[in-house]
Amino acid sequence: MGAILVLLQQSSQLQAPKDKEPTLLEQTIKTYITTLVTTSLSALSRVLAGLGGSTTTSTTTSSSTPSSTSTTTAIGLGSEDTAADSSPALTRSLAEIEHKLSLVLLMEGYLDSLDSLDPTTTTTTTTTTQTQLTHITSLLDTPSLATHFTRSLGEGLETLVRNVVMRGGAPARGVRAGRERVREGLRGVVERGFSGGGGKKVAGGSGGSGASGYVRREISRGEREAGVAMVVGGWERGFGRG
């Protein structure tokens with residue numbers, strides 16, 4: 001995020017883009033969000049691959065028939081023991097998603113405090129001042145950068161889960177066993193990511209209006225629910241109709 005902040009600080013010295021072509025700033029922000037999504041999916045991929053990667057076998061001997069044995073195999077999140085083993089990695093991966101969504105929202109607040117490089121949109125009756133945020137979301141064809149993040153994450157989750165399920169074997173069985181747990185984990189981190197810090201003023205910023213800080217915008221209930229639906233929906237679609 002440091003490179004983006006440097007570009008933002010220099011934005012007043014940049015020329016407005018011609019013919020709505022993406023500037024270096026917009027390209028950097030898009031690449032930054034793509035990187036956030038990619039690293040989140042990579043971490044989850046490692047967790048999912050390990051869900052069925054180890055099995056535990058317990059052998060018990062009946063007191064009445066010493067020669068007979070029964071074997072129980074636990075796979076992935078389908079058992080209490082392996083769930084405990086995989087929980088820290090899963091918890092860390094989900095926490096990273098929440099943190100990255102918070103970073104995107106904080107970046108939105110900073111962008112919204114800066115005047116756009118293309119400062120006005122003129123119609124026959126009005127002149128509307130744009131911020132960097134509204135200008136960039138318009139170029140990226142998204143209502144918000146947070147929506148861009150959650151939509152991309154949901155699409156990536158769908159592909160990730162589908163690939164694991166199609167390959168079959170122990171990982172697929174582990175993912176199916178942990179389907180509900182991971183789904184609810186994803187729901188929780190997206191809800192918290194959208195809810196945390198709304199409207200909070202962050203010191204140290206300097207926007208186009210000369211403010212000493214910027215405010216992380218308030219998130220509507222509809223946007224939060226849409227974000228959850230995109231991420232959770234992507235996870236569920238990966239399983240197909242099964």
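Below, each value reflects all heavy atoms present in this structure, side chains not excepted, and no hydrogens, waters or symmetry copies. From a predicted model like this one, the values you see are computed outputs, not experimental measurements.
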Looking only at heavy atoms, what is the nearest atom pair of [X] and [Y], with distance?
X      : Y      : answer
Leu101 : Ala146 : CD1-CB, 4.1 Å
Leu105 : Gly193 : CD1-O, 3.2 Å
Val231 : Thr150 : CG2-O, 3.7 Å
Val37  : Phe149 : CG2-CD1, 3.7 Å
Val47  : Ala89  : CG2-O, 3.7 Å
Lys30  : Leu140 : CD-CD2, 3.8 Å

Rounded distance [0.5 Å steps], [atom1] in [X] versus [atom2] in [Y]:
X      : Y      : atom1 : atom2 : value
Thr39  : Glu96  : OG1   : CD    : 7.0 Å
Phe239 : Arg183 : CZ    : CZ    : 9.0 Å
Thr137 : Ile29  : OG1   : CD1   : 10.0 Å
Ile136 : Thr142 : CD1   : OG1   : 12.0 Å
Asp112 : Leu145 : CG    : CG    : 10.0 Å
Leu25  : Tyr32  : CG    : OH    : 13.0 Å

Cluster link Leu44 to Leu36, ILVMFWY, side chain under 4.5 Å: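 Per the 4.5 Å side-chain linkage, Leu44 and Leu36 are co-clustered.
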Connected via hydrophobic side-chain network under 4.5 Å: Met230 and Val232: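 Different clusters: Met230 never reaches Val232 through Ile, Leu, Val, Met, Phe, Trp or Tyr contacts under 4.5 Å.
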Trp235 and Arg179: CA distance, side-chain angles, deciding distance, side-chain contact (heavy atoms from CB on, under 4.5 Å) verdict: CA-CA 9 Å; Trp235 170 261; Arg179 178 176 180 174; 3.9 Å; yes
Working for side-chain contact (heavy atoms from CB on, under 4.5 Å), residues Arg167 and Asn163: CA-CA 6 Å; Arg167 284 195 295 268; Asn163 289 339; 3.8 Å; yes
With Thr35 via side-chain hydrogen bond (donor to acceptor under 3.5 Å, both in side chains) - residues at least two apart: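 In terms of side-chain hydrogen bond (donor to acceptor under 3.5 Å, both in side chains), with neighbours along the sequence ignored, Thr35 is linked to no residue.
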Considering only distance and modelled atom types, tabulate donor-acceptor pairs under 3.5 Å from the side chains of residues 152-159, sequence neighbours left out.
{"residue": "Ser152", "atom": "OG", "partner": "His148", "partner atom": "O", "Å": "2.8"}
{"residue": "Glu158", "atom": "OE1", "partner": "Arg237", "partner atom": "NE", "Å": "3.1"}
{"residue": "Glu158", "atom": "OE2", "partner": "Arg162", "partner atom": "NH2", "Å": "2.7"}
{"residue": "Thr159", "atom": "OG1", "partner": "Glu155", "partner atom": "O", "Å": "3.4"}

Ser138 side chain to Thr134 backbone, donor-acceptor under 3.5 Å: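 Such a contact is absent between Ser138 side chain and Thr134 backbone.
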Sidechain-backbone polar pair: Glu26 side chain, Leu139 backbone, donor-acceptor under 3.5 Å: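 Here the side-chain-to-backbone pair does not exist.
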Electrostatic pair Glu191-Arg187, nearest N-O below 4.0 angstrom: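 The answer is no: the pair does not qualify as a salt bridge.
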